[in-house]
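Since the structure comes first, as structure tokens, the remarks are kept for the end.
Sequential numbering from 1 along the given sequence is applied to the chain's residues. Only a predicted model underlies this, so the values are computations on that prediction, with no experimental measurement involved. Hydrogens, waters and symmetry mates play no part in the numbers below; they use all other heavy atoms, side chains included.
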Amino acid sequence: MLILGVGLGIASYPTGRVELLYLGVFLAVVPLVALAFVRFRKQRMAVVRRFTPAIAETGHPVDVRVEVRNLGSSRTGEARWRDQLPFAPYGTDSSRLRPLAKFRGALGQNSAIQVDYGVQPPRRGIVEIGPLVVDFADPFGLANGELTVGETQKLVVAPAINPLPITGKSINADDGSARALQRRSSGSEDEIMAREYRYGDPLRRVHWRSSAHRGELMVRQEEQRSHAKATIVLDTHRAGFRDAGRASADEAESDTFEWCLSFTASLALHLQRTGFSVQIVETGYRQLASPEHRTEFLHSLAAIELVNSSGGASGPGYLSLRTDSGRAHGSLFAVVADAEVHTVERLADQRAGFDRAIAFVVNPHNDSVLDALRRAGWNCLVVRSTDDPAEVWRAATDSYRKRYARA
């Protein structure tokens, strides 16, 4: 239109046709006006995203609900929207955004719209979703503009948490010397301490004499229980994973480590549900929160990274699994790959302090780790990063049952 307008303006002089000049000016001015409309039109919008679930898991779908609100003093026109993603396809499909009424406060109707889309994060991490991009044009569709709306929002992507099967009493919080300890706080029924009944207390613990005396339900406190203990050792040294390489937006640094992390998380939450008090010990510096606080634990799982080894002990407390003399030490689990020599030696030294010890050796390139741990009394399982964690856990409990049945 610009070229044609200039050409008609020039042609109007030799031909003496004024209407050609008018038409040329019109054709030249209209696209300039459209460009100015798009360039200088002030549009103010706000965006809020809500993720379901709030903490995603690797390879699982996440529903994203985006609320787009017009904060301007005029109505918006027809537009299209797309949200930017940190992984392939790096953006959502472009979709229609209907016109929004002018801003009349946070509760104003028709000034906001909700749009939805789904994503499936290919790897764990704390990723940035957004910003939202709004594409709009002038009323004649001659010029297009692009408006970046809002800031990015963090999406926490934890490793996949797999439900592990309940496999009977082979590895159980009530098994062997790791069962909950019972001890009485007083010798006679008259001296039994009682407290008010709380929701969830078993009725068998109701102390009827105290209840009748107080006029409300009272329960006995003569039994105090201490949870069975389970310790999980996770190797986080980069040198212990042969496939560790440069991470990309769509690929993890080490598939082996990702499987170890997913299995560790699944095992920790499974043991906790079955009555264990769970402690996770890392061979590198501490990065994981306690499984007792699920939200913080999942956040730390999303953010954890492989660390460089110092080539030896990481300090005076390196991989020190403290146990109390004369008490049951519970169960010990190790999740490793091609662990370094000093890590294997420390695991072997710590074996004697626990009732049972099971090592999950993932994608080993040789038998050095397996041989050393087996000589120290560990029950070892060779695992591939393609194995189903539920089947691995079932195999571990079956192996443990067979081994100690023979013993």
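Considering only residues two or more places apart in sequence or on other chains, Arg75 meets the salt bridge (Lys or Arg N to Asp or Glu O under 4.0 Å) condition with none of them. With sequence neighbours excluded, the residues forming a ring pair (Phe, Tyr, Trp, His ring centres under 6.0 Å) with Phe360 are Phe263, listed by chain and number. By the side-chain contact (heavy atoms from CB on, under 4.5 Å) test, Asp116 pairs with Arg65, sequence neighbours left out.
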Under 3.5 Å, side-chain donor or acceptor atoms of residues 90-100 against the rest of the protein: list the pairs with distances, not counting sequence neighbours.
{"from": "Tyr90", "atom 1": "OH", "to": "Asp250", "atom 2": "OD2", "distance (Å)": "3.1"}
{"from": "Thr92", "atom 1": "OG1", "to": "Asp83", "atom 2": "N", "distance (Å)": "2.9"}
{"from": "Ser94", "atom 1": "OG", "to": "Arg80", "atom 2": "NE", "distance (Å)": "3.1"}
{"from": "Arg96", "atom 1": "NE", "to": "Glu78", "atom 2": "OE1", "distance (Å)": "3.1"}
{"from": "Arg96", "atom 1": "NH2", "to": "Glu78", "atom 2": "OE2", "distance (Å)": "2.9"}
{"from": "Arg98", "atom 1": "NH2", "to": "Ala112", "atom 2": "O", "distance (Å)": "3.4"}

Can you give each donor-acceptor pair under 3.5 Å made by side-chain atoms of residues 153-160, sequence neighbours left out, with the distance rounded to 0.1 Å?
{"from": "Gln153", "atom 1": "OE1", "to": "Arg49", "atom 2": "N", "distance (Å)": "2.8"}
{"from": "Gln153", "atom 1": "OE1", "to": "Arg49", "atom 2": "NH1", "distance (Å)": "3.4"}
{"from": "Gln153", "atom 1": "NE2", "to": "Arg49", "atom 2": "O", "distance (Å)": "3.2"}
{"from": "Lys154", "atom 1": "NZ", "to": "Glu128", "atom 2": "OE2", "distance (Å)": "2.6"}

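When the shell of 6.0 Å around CZ of Arg384 is examined, it contains more than 12 heavy atoms from other residues, nucleotides or ligands. Within 6.0 Å of atom CD in Glu305, 12 or fewer heavy atoms from other residues, nucleotides or ligands are found, so the atom counts as exposed in its surroundings.
Applying the salt bridge (charged side-chain N to carboxylate O under 4.0 Å, His left out) rule to pairs touching residues 257-267 yields Arg124-Glu258, sequence neighbours excluded.
Between Ser111 atom OG and Asn70 atom CG the span is 7.0 Å, to the nearest 0.5 Å. Atom CG of Asn162 and atom CG of Leu267 lie 11.5 Å apart (nearest 0.5 Å). Of the inter-residue distances, the one linking Ser73 atom OG with Arg44 atom CZ reads 8.5 Å to the nearest 0.5 angstrom.
Contact of the Phe257 side chain with the Thr236 side chain is registered, since non-hydrogen atoms from C-beta on lie closer than 4.5 Å. The side-chain heavy atoms of Phe26 and Val30, taken from C-beta on, include a pair separated by under 4.5 Å. Considering only heavy atoms from C-beta on, Gln43 comes within 4.5 Å of Phe136 through its side chain. Side chains of Thr231 and Val281 form a contact here, defined as non-hydrogen atoms less than 4.5 Å apart. A 4.5 Å side-chain heavy-atom check between Val307 and His237 finds at least one atom pair inside the cut-off. Taking the side chain as every heavy atom from C-beta outward, Val369 and Pro364 never approach each other to under 4.5 Å. Using a 4.5 Å cut-off on side-chain heavy atoms (C-beta onward), Val6 and Leu2 make no contact.
Across Thr256, Thr386, Asp338, a single residue satisfies side chain to side chain donor-acceptor pair (under 3.5 Å) together with Asn363, and that is Thr256.
Closest heavy-atom contact between Phe276 and Ser331: CE2-OG, 4.2 Å. Here the shortest heavy-atom pairing between Val336 and Ala339 reads CB-CB, 4.2 Å. The nearest pair of heavy atoms linking Thr397 to Arg394 is OG1-O, 2.8 Å. Taking every heavy atom of both residues into account, Ala79 and Val134 meet most closely at CB-CG1, 3.7 Å. Of all the heavy atoms in Ser210 and His207, the pair that sits closest is OG-ND1, 2.5 Å.
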For this session: Decide yes or no on side-chain contact (heavy atoms from CB on, under 4.5 Å) for Met218 and Glu216, but give the supporting numbers first.
Result: CA-CA 6 Å; Met218 305 292 289; Glu216 60 178 329; 4.1 Å; yes

For this session: Under the side-chain contact (heavy atoms from CB on, under 4.5 Å) rule, what do Met1 and Leu142 come out as? Steps first, then yes or no, please.
Result: CA-CA 10 Å; Met1 291 181 70; Leu142 297 178; 4.1 Å; yes

